[in-house]
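Below is one structure; the comments refer to it alone.
Chain letters run A, B, ... following the sequence lines, proteins first, then strands; residues in each count from 1.
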Protein chains: 2
Amino acid sequence: MASHGARSRSGGRPTLEEVAARAGVGRGTVSRVINGSPRVSDATRAAVEAAVAELGYVPNTAARALAANRTDAIALVVPEPETRFFAEPYFSDMLKGVGAEISDTEMQLLLIFAGSDRERRRLAQYLAAHRVDGVLLVSVHADDPLPDLLSQLEIPAVISGPRSAGETLPSVDSDNYGGGRSAVEHLLAGGRRAIAHITGRLDVYGAQRRVDGYRDALLDAGHEVDERLIEPGDFTEEGGRRAMTKLLARRPDLDAVFAGSDVMAAGARQVLREEGRSIPSDVALIGYDDSAIARHMDPPLTSVRQPIEEMGRRMIDLLLSEIADRRPAVSRGLERRQVVLATELVHRTSS
Amino acid sequence: MASHGARSRSGGRPTLEEVAARAGVGRGTVSRVINGSPRVSDATRAAVEAAVAELGYVPNTAARALAANRTDAIALVVPEPETRFFAEPYFSDMLKGVGAEISDTEMQLLLIFAGSDRERRRLAQYLAAHRVDGVLLVSVHADDPLPDLLSQLEIPAVISGPRSAGETLPSVDSDNYGGGRSAVEHLLAGGRRAIAHITGRLDVYGAQRRVDGYRDALLDAGHEVDERLIEPGDFTEEGGRRAMTKLLARRPDLDAVFAGSDVMAAGARQVLREEGRSIPSDVALIGYDDSAIARHMDPPLTSVRQPIEEMGRRMIDLLLSEIADRRPAVSRGLERRQVVLATELVHRTSS
DNA sequence: AGGTACCGTGGGAGCGCTCCCATCGGTGAT
DNA sequence: ATCACCGATGGGAGCGCTCCCACGGTACCT
């Protein structure tokens, strides 16, 4: 018995019980104070707070998690290898927003990479163990099984870009349609008429929406859509080069290019330059993401900016409310849980 | 009572007890199987494993943490703002090594930024709550109170660069002295005689060691050390420029520069170019870190490579053994807990 | 045959907390 | 004065696990 007690008292951390004794109150009362319950008199609260301070009491997370069946942690799951995470500013901006918003809470943020199969298996195990109260999912492909696993395990989750128009998970996204649209409208306003579009990977819903925006902007302005002016890319620089080459071959007279990402725009720029087309006088160029690449390109690239940091913040908000709503069995299926944030066209010299 | 039971059975996760019943054994036996104890007969083990599989049993982490007084998690603490973390490849390489090594274990890695005061206070609270079994500390300045806090809380920790020659915490470092030495030796072998050194921030122990290496290489080769050839930098590009300007003013005849980081070398290169000195014919240039900058510089920069990924791996190894050693009160103070890994000079055209 | 180990095993006690119910005194209504 | 009620409070029970002690059985010794 004595040895038993000694085992866990290592470190001598005070317990709730000890704080209660010190403050001359019961265990329940201390718990109420710690958790900010209003059902405590001011005098008692003060006494307890004093005891907490004197003893340097810090709640034992494990005990709390066990008793209350929650972990006070949420995971940001990145289904990509670490490498891409560091390479793309998208993630760091997102993390910034998420980190800022979560730091107002008691929640702990875990960053989990699930790029390899092995990592994904680990993640599945991890989620099955319910080690987090909720999950933030970024950069998910249409055929990813993760979202299903999550809903099967009944773990609250928010996704950063919906997988389709019928996304069932709560999501936060930027207005890809509007972004594509504004790029094209800007080009039209600048007098361009043969506007090409290098798309992103079309299994990414957002990339599709940008194409939709491109199409509708043209149609609404009374122009036709020439399918020869649309070429799929894959979000890489090399993909941008290839697409640009094809477009130039098909429509040598094109006078503007709207690329689905800055990186692809960079590839397109190289080809245009090699072909002797000057930017923007011969061909106007617009990218997407407003990344560092855009600012440093020669000439500086006009680009569609997404409020990524803001997206991160909103994702946390959504997730926290999702988690909070799990307690009462209130039906709330009709509530709007798809957030769409406006984009902004950043004008530079390339257009 | 019933309502009580229902509360926590949400999700219907099977418990140890249920697995035990299913396998027709006692709770203790299941626990032994789960934890890989050898004191279980093969037949029993098989039965338990079958029951675990059938029920889809996953241990409850919180319960385990509470009972065993451990968390199975370790934190990688970065005492810098997120921004720097993403900007410097040092961190991503380190994370890669750490992630690779830890994925062989059951441990969970947490990434914690502690750049701002607010974040640091949160971290202190976090550590006080003993929410991790151990801590990895990277990029710690000499006057950082974090290491003391850690040892006061008796939390195992490993530091990535010792703060001084008398570092008490277990540490993993690259051989900064040898790195500086090899750079200078290479320059001497190339016939250079007036070799300047732009140092890193001298409150960083590793930067001091590089200077020591620089000095000793010169002395051991029978040369004198001209203090006018040593100028402190601050690891930034701008600092590199400033230092280079000063050095050129003091010793216009210098024919080689060893910079304490690639970034500073980039700054130095700009000044050299502006002054009409060509690299490497007029002035040889060597950097430190072998980062992407070095590869992409014009001309490509000779640089000292540190095995950062390997350092990450070794840090985990050290930390895990630290944690394991906490159990028995065996005295082991004399053991070697300072690991130093060799650097490598990567030859390119700048020297 | 009796004794001594030791192995594999079952299950009690306890980790520190939350949740909930019972209790207590005080208040306003009757 | 009596009663119903309410807010504040104490503490039992339970969360799911690990640790450890005790127990029965077998193997080996004397």
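Between R122(B) and D117(B) no salt bridge is recorded (no basic side-chain N to carboxylate O distance below 4.0 Å).
Summarising the geometry, the separation between CZ on R64(B) and C1' on dC17(D) is reported as 8 Å, rounded to the nearest angstrom. Note: CG (D72(A)) to C1' (dC17(C)) measures 12 Å, nearest angstrom.
Summarising the geometry, atom CZ belonging to R118(A) is positioned 5.5 Å from atom CG belonging to D104(B); distances are rounded to the nearest 0.5 Å.
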### Query
Taking it one step at a time, do E82(B) and K96(A) satisfy salt bridge (charged side-chain N to carboxylate O under 4.0 Å, His left out)?
CA-CA 7 Å; E82(B) 276 100 326; K96(A) 217 155 124 194; over 6 Å; no
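Counting heavy atoms from C-beta on, the side chains of T15(B) and N60(B) never come closer than 4.5 Å.
Between the side chains of S139(A) and E80(A), at least one donor-acceptor pair of N or O atoms lies under 3.5 Å.
Between G24(B) and A63(B), the residue anchored closer to the 5' end of DNA chain C is G24(B), taking for each the nucleotide with the nearest heavy atom.
Ring to ring, F85(A) and F86(B) are close: their centroids are under 6.0 angstrom apart.
Each of dC17(C), dG10(C), dT18(D) was ranked by its minimum atom distance to the side chain of V25(B); first place goes to dG10(C). Set against dT9(D), dG14(D), dT18(D), the side chain of A68(B) has dT18(D) as its closest nucleotide.
Within residues 29-39 of chain B, the residues that have a heavy atom under 4.0 Å from DNA chain D are, in order of number, S31(B), R32(B), N35(B).
Side-chain nitrogen and oxygen atoms of T15(B) include none within less than 4.0 Å of the OP1 or OP2 phosphate oxygen of dC15(D).
R27(A) comes within 4.0 angstrom of a base, heavy atoms only.
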